[in-house]
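Since the structure comes first, as structure tokens, the remarks are kept for the end.
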Amino acid sequence: MQKKMIFEENGIFCFAKTLRGENIMKHSKKLFAAGLAATMAVNAVCLSNLFSGVAADAVKYEFEDGELTVVAASESISVVEDADASGGKCVFMKSAGDKLAVTVNVETAGMYDLNICYKADSNKTQKLKVNGVSQSDVTFPATSSFTEIKATSVQLAAGENTIEMESFWGWTQFDYMTVTTKTFTELKSSNALCDPKATKEAQSLMTYLSSVYGKGMLSGQQEFFGESRDDEFNFIEELSGELPAIRGFDFGDTCPLYAWEDGATDRMIDWVNNKGGIATASWHINVPKTMADYTVGSTMAWDQTTYSEKTDFVTANVMVEGTKEYEFFLLAVDNLATQLKKAQEANVPILFRPFHEAEGNGGADGSGAWFWWSKEGADVYVELYQYLYKLLTEEYDLHNLIWEFNSYTYSDESKYFYPGDNYVDLVGYDKYNAKNWSTGAVAPNESAISGIFYDLVDMYDNNKMIAMMENDTVPSLENIQTEHAYWLYFMPWYGEHLMDSNYNNPDTLKEIYQSEWVITLDELPDDLYTNTTPGETTTTLPGQTTTTTTKRTTTTTTTTQVEDAIMATVKKSGTDYKISFDREMGDKVYLVLDADKSVTYANGCAGISVTVDGTDYWASYQWEITKSGEVMVDLSGTPFEVSYNNGADKVKDEALIAKVVAEVQKQKEALVQVWWANNDDGNSVATTNVVLTAAYIPDNGGSETTTTTEDTTTTTEETTTTVTTVDTVETTTPETTTTEDTTETTTTTNGGDVVSYGDVNLDGKVDLTDAITMNKYMAGVIAELTPVQFANANCDISDGTDNVDEHDAVALTNFVIMIEKSLPVNNPSTN
């Protein structure tokens, strides 16, 4: 059945659309090239807007002009004078329950970004409502001066709207708010799985998910936990005549503390193999409340166990051999693996969601945690998640899992819980906003919370598809379309969360199940688990025309000695990177590091193992960067630290250190670690935000060029040409779809340069990310390119020089959007 498609604005065109005032694709190639070259050459402000999303139509509202509601006699909300505030005044909100409302007037109904200027002495969380409907909690990080942050995105009606802030944690000074028309991020999807050994069924399912992301929403429903029951599914079928595409299960019965088999795996196999559906599963695994009462291998009464944070179970001990926690967890994983293996042998892939809702109420230190797995903070949580991943994939050889991670968007600290791209396939959010937790009142909240959706898209760099992995009220079809909230799927919890009309309006639920937008069980394809064709999709805004092509690309990763640089083979090992050369490293190693937009400073080390006089030593050479860039590690200098006995003892003797340094320069391998990263405010951010993308040593000549193939992978980018009407989101018209099989190759000349034109970020392919990297370089955001990056960036060779300028940027961008057919381009300035 053909589905309604709603598309978003393609980010690569944002600044051009702003400059020209209309759809850029209506203009000729020549006009586009000239406009882009001019923008990159002289208009740094517009270029920065491309990356920051700042719009020019912001309207400012002073909070002191709003309406205040006081709930306490003392220490209540009030307008106070502050010389540092805009207009010399601000609103000081103190007591929980106090309210601050501002009336906002907009001409056109649609989505708007809210930026709020505030001051708070510590992290504060407040509740946001629009026209009386709860939107989300907003966290305001501690700041000693008035600071403007993006709070969220909301849907506003044409005319007057009331935006209300209700105090939850109080003691926040609010200065002003700006309201800006939202510019939507172009959604990306990929069928790539973090497990390189994923089963063909898991890969096929991921391919299907990537093909529908942004074009429709999969329906889902969590089954009742603990026994075989179809109440929720019967309710949906009787109401709408449909069944959900995804059924939610739970492996909580694998807990070794009690003997219980609820048959979840058998139901899962039946749902997938006999009904043709998709299975997702959580793991509500209980631990003892009091570890002193537990003997390894024994069972316990249910009320002596918990999966909450109210336990003295030490989460970090799960990774410490010899502890009770370690032994208990291995028993639990063994039980879980038995069930997963049963599903794998039945060719059943699973959307697997362990350790869900990691952050709880917020705080990287675990202070807001709801569950034992996150009560000790983000670092321990990440280690635990990665440990489980390695146990299941490496020890139990389980590869039928598509790994899910639950995130929140309270603040920058929310991302600290992210286990990393190499351990996560899908990112999700759990939506529970039907209940007013202050009063206990419950009413359907049909908001599609697109502000949270796009916060997650941006938080994880648009690298992962975003799903609503749990919810109470299912968003209305109208809100999904108006808000452009393209969640991959929804998943109501069981019982009253679905069937009570206080949570879900039956008419709304029926409408969305019967709509063309939502994918139900009978609409899943016959080849759901047998499709081996990879796919990638993008989405665009209504009214925009995009021309793209399906392309199969074979990419070969190589380690090559070239004239200017000898590249290392880089392999990720946990959170570290192993770099290997085909010769001695000598006195200098260059590291190419990519830091995301939150990072303004990072440091780490390159560690090298050597043996001197029969003793093994570890030499650590510290490096540091400000934002992305290249850093040289001087291996001939004094190391940051030289240690032995597994780091227990440090070397102070200068003569011995000199011997170690001499041996270091003879080595071919090093381990690169990221120790620390922080943002503009000096606050710590996750070290996973800093990625080692390449490493090389200078080529001193005299050696024959060699090329060593490490691995070969096949990826597919699938996009389609579509046209959508400006005034409606009811239909889309596929205009053309072009498919071509090409092999992307790297030209190697013996003793010369290896050039892959356009691959500026050195990821083995040429796409939008390369154009953005080039734009950043032209704008000075990236200070310089490595020799290999510089050679790849020279996409225009018509001037006969090795210069990289705006003509190369235009050529690359034109190639990405398919105005140019190949690189390098002879005359990009005339296109």
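Two residues are said to be in side-chain contact when any heavy atoms from C-beta on lie closer than 4.5 Å; Asp796 and Leu823 fail this criterion. Counting heavy atoms from C-beta outward, Leu336 and Phe352 have side chains that approach closer than 4.5 Å. You'll find the side chain of Leu635 stays beyond 4.5 Å of the side chain of Val661, heavy atoms only. Annotation: side chain of Met206 is in contact with side chain of Leu426 (closest heavy-atom distance under 4.5 Å). Counting heavy atoms from C-beta on, the side chains of Tyr389 and Pro354 never come closer than 4.5 Å. A heavy-atom distance below 4.5 Å is found between the side chains of Ile350 and Leu340. Between Ile657 and Pro639 the shortest side-chain heavy-atom distance falls below 4.5 Å. Contact check for Gln667 versus Glu584: no side-chain heavy atoms found under the 4.5 Å cut-off.
Residue Leu398 comes nearest to Asp195 through the heavy atom pair O-OD2, 3.8 Å, listed as atom of the first residue, atom of the second, then distance. What you find for Ser210 and Asn191 is that their closest heavy atoms are OG-CB, 3.7 Å. Here the closest heavy-atom approach between residue Val427 and residue Lys464 is recorded as CG2-CB, 3.8 Å. Nearest heavy atoms, Gly758 versus Val766: C-CG2, 3.8 Å. For Glu404 against Tyr385, the heavy-atom pair with the smallest separation is O-OH, 3.1 Å. Closest heavy-atom contact between Asp425 and Cys194: OD1-N, 2.7 Å.
Annotation: the span from Asn645 atom CG to Thr615 atom OG1 amounts to 8.5 Å, rounded to 0.5 Å. If you take CG on Asn603 and CG on Leu593, they are separated by 11.0 Å, rounding to the nearest 0.5 Å. Between the CD1 atom in Ile566 and the OH atom in Tyr696 there is a gap of 11.5 Å [rounded to 0.5 Å]. Interatomic distance, Arg353 CZ to Ile402 CD1, rounded to the nearest 0.5 Å: 15.0 Å. Rounding to the nearest 0.5 Å places NZ of Lys415 at 13.5 Å from OG1 of Thr409. Taken from CD in Glu806 to OG1 in Thr813, the straight-line distance is 12.0 Å, to the nearest 0.5 Å.
Residue Tyr577 forms a side chain to side chain contact (heavy atoms under 4.5 Å, CB included) with just one option from Val691, Thr693, Leu671, and that option is Val691.
For Gln622 (side chain) and Cys605 (main-chain N/O), no donor-acceptor pair under 3.5 Å exists by modelled atom type. Thr323 places a side-chain N or O within 3.5 Å of a backbone atom of Asn317 that can act as its donor or acceptor partner. Side-chain atoms of Gln344 do not come within 3.5 Å of backbone N or O of Lys341 as any donor-acceptor pair. A donor-acceptor pair is defined here as one N or O able to donate and one able to accept, closer than 3.5 Å; no such pair exists between the side chain of Gln386 and the backbone of Tyr381. A donor-acceptor pair under 3.5 Å is absent between the side-chain atoms of Asn462 and the main chain of Val457, judged by distance alone. Listed for the Thr687 side chain is no donor-acceptor partner under 3.5 Å among the backbone atoms of Trp675. Between the Gln673 side chain and the Ala606 main chain, no donor and acceptor come within less than 3.5 Å of each other. For Ser374 (side chain) and Ala358 (main-chain N/O), a donor-acceptor pair under 3.5 Å exists by modelled atom type. When atom types are taken as modelled, the side chain of Glu630 and the backbone of Leu591 share no donor-acceptor pair closer than 3.5 angstrom. Formation of a donor-acceptor pair under 3.5 Å by the Asn803 side chain with backbone atoms of Asp805 is not found in this model.
No donor-acceptor contact under 3.5 angstrom links the side chains of Asn400 and Thr199, judged on distance only. For the 3.5 Å distance criterion, the side chains of Tyr396 and Asp334 qualify, holding a donor opposite an acceptor.
Aromatic rings of Tyr418 and Phe405 (six-membered ring for Trp) have centroids within the 6.0 Å cut-off, being under it. Centroid-to-centroid, the aromatic rings of His356 and Trp373 come within less than 6.0 Å. Ring centroid separation for the pair Phe640 and Tyr621 does not come in under the 6.0 Å cut-off.
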Test log, rule side-chain contact (heavy atoms from CB on, under 4.5 Å), inputs Val631 and Glu624: CA-CA 7 Å; Val631 62; Glu624 58 183 3; over 6 Å; no
Stepwise side-chain hydrogen bond (donor to acceptor under 3.5 Å, both in side chains) check, Glu359 with Ser414: CA-CA 7 Å; Glu359 192 178 5; Ser414 298; 2.8 Å; yes
Test log, rule side-chain hydrogen bond (donor to acceptor under 3.5 Å, both in side chains), inputs Asn123 and Tyr410: CA-CA 10 Å; Asn123 289 5; Tyr410 299 126; over 6 Å; no
Asp613 vs Lys659, salt bridge (charged side-chain N to carboxylate O under 4.0 Å, His left out): CA-CA, chis, key distance, verdict: CA-CA 9 Å; Asp613 298 332; Lys659 287 185 177 181; 3.4 Å; yes
Audit row: Ser756, Asn792, side-chain hydrogen bond (donor to acceptor under 3.5 Å, both in side chains) steps and yes/no: CA-CA 5 Å; Ser756 179; Asn792 290 355; 5.0 Å; no
Val296 vs Phe328, side-chain contact (heavy atoms from CB on, under 4.5 Å): CA-CA, chis, key distance, verdict: CA-CA 6 Å; Val296 175; Phe328 165 80; 5.8 Å; no
Worked check of side-chain contact (heavy atoms from CB on, under 4.5 Å) between Tyr387 and Phe329: CA-CA 11 Å; Tyr387 181 54; Phe329 190 73; 3.9 Å; yes
CA sep, side-chain torsions, deciding dist, call: Asn679, Tyr601, side-chain contact (heavy atoms from CB on, under 4.5 Å): CA-CA 7 Å; Asn679 57 23; Tyr601 172 82; over 6 Å; no
Worked verdict on Tyr460 versus Ser407 for side-chain hydrogen bond (donor to acceptor under 3.5 Å, both in side chains): CA-CA 10 Å; Tyr460 299 105; Ser407 183; 2.7 Å; yes
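Taking a cutoff of 4.0 Å between a charged side-chain nitrogen and a carboxylate oxygen, Lys390 and Glu395 do not qualify as a salt bridge.
A 6.0 Å sphere centred on NZ of Lys324 holds more than 12 heavy atoms belonging to other residues, nucleotides or ligands. Other residues, nucleotides and ligands place no more than 12 heavy atoms under 6.0 Å from the CG atom of Asp379. Counting heavy-atom neighbours within 6.0 Å of Lys652 NZ, excluding the residue itself, gives a total of 12 or less.
Between Trp372 and Phe355, the two ring planes are perpendicular [angle over 60°; tilted spans 30° to 60°].
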